[in-house]
Each structure stands twice: as C-alpha cells, then as structure tokens.
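Okay, structure first, notes after.
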Amino acid sequence: MKAAPTAFVVTRRQDSAYDLMLELGAEGLTVIDFRRPGHDGSWTEAALMADVLFVDADELLRAARPLSPAQTEALTNRLVVALARQQDLPKLFERRCPFHGILMSEQPMCRLSATLSIARAGYLTLPATVMDSFRSKQRQRLERLTQTEIMVLRCVLAGGTNRQISGVIDRNEAYVKMLVRALLNKLGLRNRTAAAIFALQQGVAPHPDLKPGRETLDRPQLARRLLDNHV
C-alpha cells in the first residue's frame with residue numbers, strides 16, 4: 001500500500017495555522033512537522049522527509065543564499081509552496097528563490113487546493129497587481145531592443161532556425177546563435193518558446209517570410225496553446 005504524501009510546514013502565520021492544517025488534511029497530505037522559522041536553516045534537513053514544503057517567504061529568501069547540499073536537495077527535489085505577502089514577491093523573483101507555487105497571505109486557505117494543483121502542473125499564478133507590474137516591465141524590455149533584435153524575435157516567433165534567421169538578417173549562423181542567446185539573456189528568458197510567448201503577449205507579429213515547415217517548429221501555434229493554458 002502506497003504511503004500518503006507528506007507535508008512539512010515552516011511558518012510564523014500562527015493565526016492561520018489551524019486552517020492550513022485542515023486544508024492540508026483535505027488534500028490528503030499528512031503533516032509530519034509544523035514549526036516556526038529558525039535562523040540557522042536547520043529545518044531544511046528535516047524537510048528531506050516530506051514530499052511537499054510550505055515555507056514562509058522570508059525563510060526562502062534566507063535559503064536563497066549559497067545553499068548547503070541538504071538545502072539544495074530539500075528545495076529543488078520537492079514541491080515548494082511559498083507563503084508570501086505581496087511585498088515579498090519582488091525579492092523572491094530577483095533572488096531566484098526555489099519555489100513552485102505561491103499562497104498569498106491575503107488569500108483564504110481554501111485557495112490551497114488550487115495553488116497545489118497549478119504548481120503540480122508546472123504553472124504559477126500571481127495576483128493581478130503583480131501581473132500588471134510584470135507586464136509593464138516586460139514592455140520596457142521590449143522597448144530597449146534594437147531593430148535587429150526585434151527582427152530576430154519576430155523570426156524566433158515564426159519558428160525560424162538559425163540558418164533561416166541568418167538569411168533574413170544577412171549574417172552567418174554563428175552570429176545568429178550568439179544574437180539569439182544575447183536576446184534571451186536581455187529579456188530574462190530561458191528558451192525560444194518562452195521568447196515566442198513573450199512576443200505574443202507583447203503583440204509582436206511573426207516574420208512574414210518564415211513559415212513553419214518540416215524543419216521549422218510551428219512556434220506561434222505552440223506559444224498560443226501554452227498561453228491558452230495560462231503559462
């Protein structure tokens with residue numbers, strides 16, 4: 001018989017601790033430890049026994065500093081939900097804290113089920129005010145791109161290969177590869193699909209001379225499908 005998944009909680013939100021315990025139980029999670037934050041980070045080793053971690057944002061911010069092997073194991077190989085206030089979010093993202101979901105302090109505990117479902121599916125939800133600020137920053141990043149970078153972004157959105165993009169901007173493939181990598185770094189994105197999603201969100205049109213074929217990914221279709229699923 002398979003054991004029930006377990007949860008490890010590190011929070012100072014004592015006022016909502018009872019509600020959190022009830023919601024975790026309703027989700028079929030057995031709480032193996034419930035403790036207040038400590039300044040030594042020793043909870044990360046104990047958390048290795050759990051499947052899901054619920055951790056206050058300030059504890060995650062402390063853990064975002066150079067991690068010990070035990071901390072790395074605890075925070076990267078388990079589902080981590082940050083218990084955060086809105087003012088915590090900028091630092092959580094700036095320091096690239098290891099978490100997969102966010103439960104805001106302003107949200108009722110009944111949102112826990114939705115937060116877990118979304119995190120398990122690999123997605124992340126944020127408050128509307130945070131998303132508005134994020135979109136504004138993304139627009140500023142787009143406006144800082146050069147005309148060549150915009151052209152490359154349009155080609156990436158169209159699903160162009162490095163060879164195809166080199167033909168559009170009249171540069172060799174090695175230069176295009178370097179340019180695409182620099183573009184992703186400038187936009188703070190991981191890969192070309194993320195760049196395509198970004199382009200669609202910002203209203204950028206695919207380059208008209210590039211059409212998906214056998215060797216070209218239909219990236220606009222993929223990006224739209226991911227957007228429809230609230231990526």
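The figures that follow rest on heavy atoms only: side chains count, while hydrogens, waters and symmetry mates do not. Bear in mind that the values here come from a model prediction, so they are computed numbers and not experimental data.
Between the CD atom in Gln164 and the NE2 atom in His207 there is a gap of 11.0 Å [rounded to 0.5 Å]. Considering OG of Ser166 and NZ of Lys177, their distance stands at 13.5 Å, rounded to 0.5 Å. Annotation: the span from Arg192 atom CZ to Ile197 atom CD1 amounts to 15.0 Å, rounded to 0.5 Å. If you take OG1 on Thr146 and CE on Met151, they are separated by 10.0 Å, rounding to the nearest 0.5 Å. Interatomic distance, CG of Asn162 versus CE of Met178, reported as 11.5 Å (0.5 Å rounding). Separation of atoms CG (Leu83) and CG (Leu103) is listed at 6.0 Å; rounding is to 0.5 Å.
Gln140 is linked by a side chain to side chain contact (heavy atoms under 4.5 Å, CB included) to Ser136, Arg144, counting only residues two or more places apart in sequence or in another chain. For Thr6, the side chain to side chain contact (heavy atoms under 4.5 Å, CB included) partners two or more places apart in sequence, or in a different chain, are Thr30, Ile32, Ala50, Asp51. Residues forming a salt bridge (Lys or Arg N to Asp or Glu O under 4.0 Å) with Arg154 (at least two apart in sequence, or on another chain): none. Take Leu29 and apply the side chain to side chain contact (heavy atoms under 4.5 Å, CB included) test, not counting sequence neighbours, and it matches Pro5, Ala7, Leu24, Glu27, Val52, Phe54, Leu116, Arg120. Remark: Leu145 engages Leu142, Glu149, Ile150, Leu153, Leu183, Lys186, Leu187 in a side chain to side chain contact (heavy atoms under 4.5 Å, CB included) (not counting sequence neighbours).
Counting only heavy atoms from C-beta outward, the side chains of Gln202 and Arg139 approach each other to under 4.5 Å. By the 4.5 Å heavy-atom criterion applied to side chains, Ile165 and Val156 are counted as neighbours.
Counting heavy-atom neighbours within 6.0 Å of Asp170 CG, excluding the residue itself, gives a total of 12 or less. In this structure, Glu143 places its CD atom where more than 12 heavy-atom neighbours from other residues, nucleotides or ligands lie under 6.0 Å away.
Annotation: salt bridge (charged side-chain N to carboxylate O under 4.0 Å, His left out) contacts involving residues 195-204, sequence neighbours excluded, are absent.
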List the steps and the verdict of side-chain contact (heavy atoms from CB on, under 4.5 Å) for Leu200 and Leu157.
-> CA-CA 8 Å; Leu200 282 178; Leu157 175 56; 3.9 Å; yes
